[in-house]
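This report refers to the structure that appears directly beneath it.
Each chain gets a letter, A, B and so on, in the order the sequences are listed, and its residues count up from 1. This one's a predicted model, so the numbers in the text were calculated from it and none came from an experiment. Because only heavy atoms are used, hydrogens play no part in the values below, and waters and symmetry mates are left out as well, while side chains stay in.
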Amino acid sequence: MLRRRPLRRFAVSLLFVVVGGGLWHLQERELRDSLVWMGVPEWQEPSLTGFHRVLRNDGFLVGWSDLRVNPLWASYRLQAVESPESGPRPAFRRDWRTLWPIGTNHYAGSGFDRGHLAPNYAIAAVHGRDAQHDTFYMSNMTPQRPDLNRRLWQRLEEVVMDHFVPRFGAVQVITGPIFPERFLDNVLNRVGFVEIPEAFYKIIVVPGERPRALAFVMPQGVRGDESLGDYLVSIDAIEARTGLDFFPRLPESAAKVLEGRVDTRGWGLEEVANRPGRFE
DNA sequence: TTTGATGT
């Protein structure tokens with residue numbers, strides 16, 4: 001009798017681990033699903049450069065690559081709010097989850113900005129103060145040239161929050177960096193530990209029965225005053241350059257329609273494509 | 001400052 005007790009104790013412990021772990025997993029999946037549309041992005045084929053782990057933040061998810069020392073994507077939902085406000089700008093923050101020592105001065109003197117993926121203003125306005133703080137994690141930053149970050153990219157983010165969100169009521173955004181095709185060609189092109197992307201993508205989806213999407217790719221070397229329309233691409237084109245599958249749960253037939261072409265009808269892009277930036 | 005870096 002006494003001899004069987006350790007075994008029983010082990011069985012009970014195992015039960016707790018399995019049930020508890022299962023519950024945790026379910027809850028985690030639910031939380032993730034609430035922050036993405038049609039599934040968490042996946043890599044199309046197993047590869048070192050595609051590997052990422054998901055960092056969950058307040059209001060947004062980040063796919064973190066320990067190899068590129070970059071966020072490969074950030075995903076968040078924006079819905080219309082009565083009076084969008086962001087409050088004062090928080091300080092940048094080290095993120096210990098990255099393991100890599102990326103302090104807030106990591107980009108100093110490099111000629112690159114600490115460019116947000118999940119944006120400060122829109123996340124703050126929609127998801128509140130705690131979420132805003134999370135956008136200042138260094139794990140949400142990637143090296144961006146100032147003329148892109150402060151001008152063309154800023155204009156795009158402004159159009160998303162001030163034009164698309166009110167127009168459609170809610171949108172899902174996925175955004176991230178694009179690296180040269182061959183990993184080794186760019187492996188030493190870094191700010192400290194952080195690999196420097198050659199371009200950035202942003203995908204905006206209006207969820208619904210018949211979802212619509214608009215997608216952009218913007219290279220580092222812009223002036224900043226270009227028309228947003230010059231950078232329209234299909235989602236397929238972005239998947240080809242990143243190796244990611246952005247909406248793994250979207251049925252194939254729907255994906256073909258949504259991802260295969262550029263369709264600007266109904267977005268009113270021409271009204272805002274040349275809107276000047278805020279800081280020029 | 002709806003983006004940031006720089007310098008004190």
Side-chain angles (χ1 to χ4, degrees), chain A residues 57-60 62 70-71 74 76-95 102-168 170-177 190-192 194 196-197 199-202 204 216-228 231 268-269 271-280:
Chain A
N57 295 300
D58 199 340
F60 64 103
V62 163
N70 262 264
Y76 52 94
R77 199 162 55 89
L78 299 175
Q79 59 257 25
V81 291
E82 196 70 24
S83 50
E85 283 170 20
S86 69
R89 208 168 204 268
F92 287 90
R93 296 156 78 197
R94 168 106 192 248
D95 187 347
I102 307 166
T104 53
N105 285 324
H106 203 78
Y107 293 26
S110 68
F112 287 89
D113 280 1
R114 298 171 289 190
H116 283 69
L117 283 190
N120 164 41
Y121 174 69
I123 293 285
V126 175
H127 296 282
R129 188 71 183 155
D130 290 343
Q132 177 181 26
H133 274 93
D134 285 0
T135 71
F136 280 81
Y137 272 135
M138 290 305 287
S139 57
N140 186 45
M141 304 301 153
T142 180
Q144 264 183 339
R145 293 244 99 119
D147 284 339
L148 175 62
N149 186 36
R150 305 175 195 185
R151 307 188 71 197
L152 189 65
W153 194 256
Q154 187 278 326
R155 287 169 50 212
L156 177 57
E157 289 181 336
E158 182 165 333
V159 162
V160 171
M161 188 56 198
D162 293 350
H163 179 74
F164 294 149
V165 170
R167 191 181 188 91
F168 297 114
V171 301
Q172 183 73 35
V173 183
I174 300 191
T175 189
R190 291 183 185 241
V191 172
V194 182
I196 301 169
F200 300 87
Y201 66 86
K202 193 182 291 289
I204 304 122
F216 300 84
V217 167
M218 295 177 171
Q220 292 273 22
V222 297
R223 290 189 312 272
D225 59 355
E226 295 88 344
S227 170
L228 298 180
Y231 301 94
L269 182 63
E271 298 166 31
V272 293
N274 292 293
R275 207 131 89 171
R278 234 176 157 75
F279 312 107
E280 33 196 290

Inset, instruction - Provide the start and end nucleotides, 5' to 3', of the part of DNA chain B that has atoms under 4.0 Å from heavy atoms of chain A. - result: dT1(B) to dT6(B)
Inset, instruction - Would you indicate what R151(A) reaches in the nucleic acid, counting non-hydrogen atoms under 4.0 angstrom: base, sugar-phosphate, or nothing? - result: nothing
Inset, instruction - Pull out every residue in residues 125-145 of chain A that has a heavy atom closer than 4.0 Å to any atom of DNA chain B, ordered by number, or say none. - result: none
Legend entry - Closest non-hydrogen atom pair, P197(A) against T142(A): CG-OG1, 3.3 Å
Legend entry - Contact check, side chains of R155(A) and V272(A), non-hydrogen atoms, under 4.5 Å: no
Inset, instruction - Mind listing the closest non-hydrogen atom pair of T135(A) and P119(A) along with its distance? - result: CG2-O, 3.8 Å
Inset, instruction - Name the nucleic acid region contacted by G115(A), choosing base, sugar-phosphate or nothing; use a 4.0 angstrom heavy-atom cut-off, strictly under. - result: sugar-phosphate
Inset, instruction - Could you label the plane-to-plane angle of the F136(A) and F92(A) rings as parallel, tilted or perpendicular, counting under 30° as parallel and over 60° as perpendicular? - result: perpendicular
Legend entry - Non-neighbouring partners of R145(A) that pass salt bridge (Lys or Arg N to Asp or Glu O under 4.0 Å), sequence neighbours left out: none
Inset, instruction - Check whether any side-chain heavy atom of K202(A) lies under 4.5 Å from a side-chain heavy atom of M218(A), and answer yes or no. - result: no
Inset, instruction - Name the residue closer to the 5' end of DNA chain B, choosing between S86(A) and Y107(A) according to the nucleotide with the nearest heavy atom. - result: S86(A)
Inset, instruction - Identify whether the distance between the nearest side-chain nitrogen and carboxylate oxygen of R275(A) and E158(A) falls below 4.0 Å. - result: no
Legend entry - N/O donor-acceptor pair under 3.5 Å between R151(A) side chain and E280(A) backbone: no
Legend entry - dT1(B) and dA5(B), which share atom name P, separated by this distance in whole Å: 15 Å
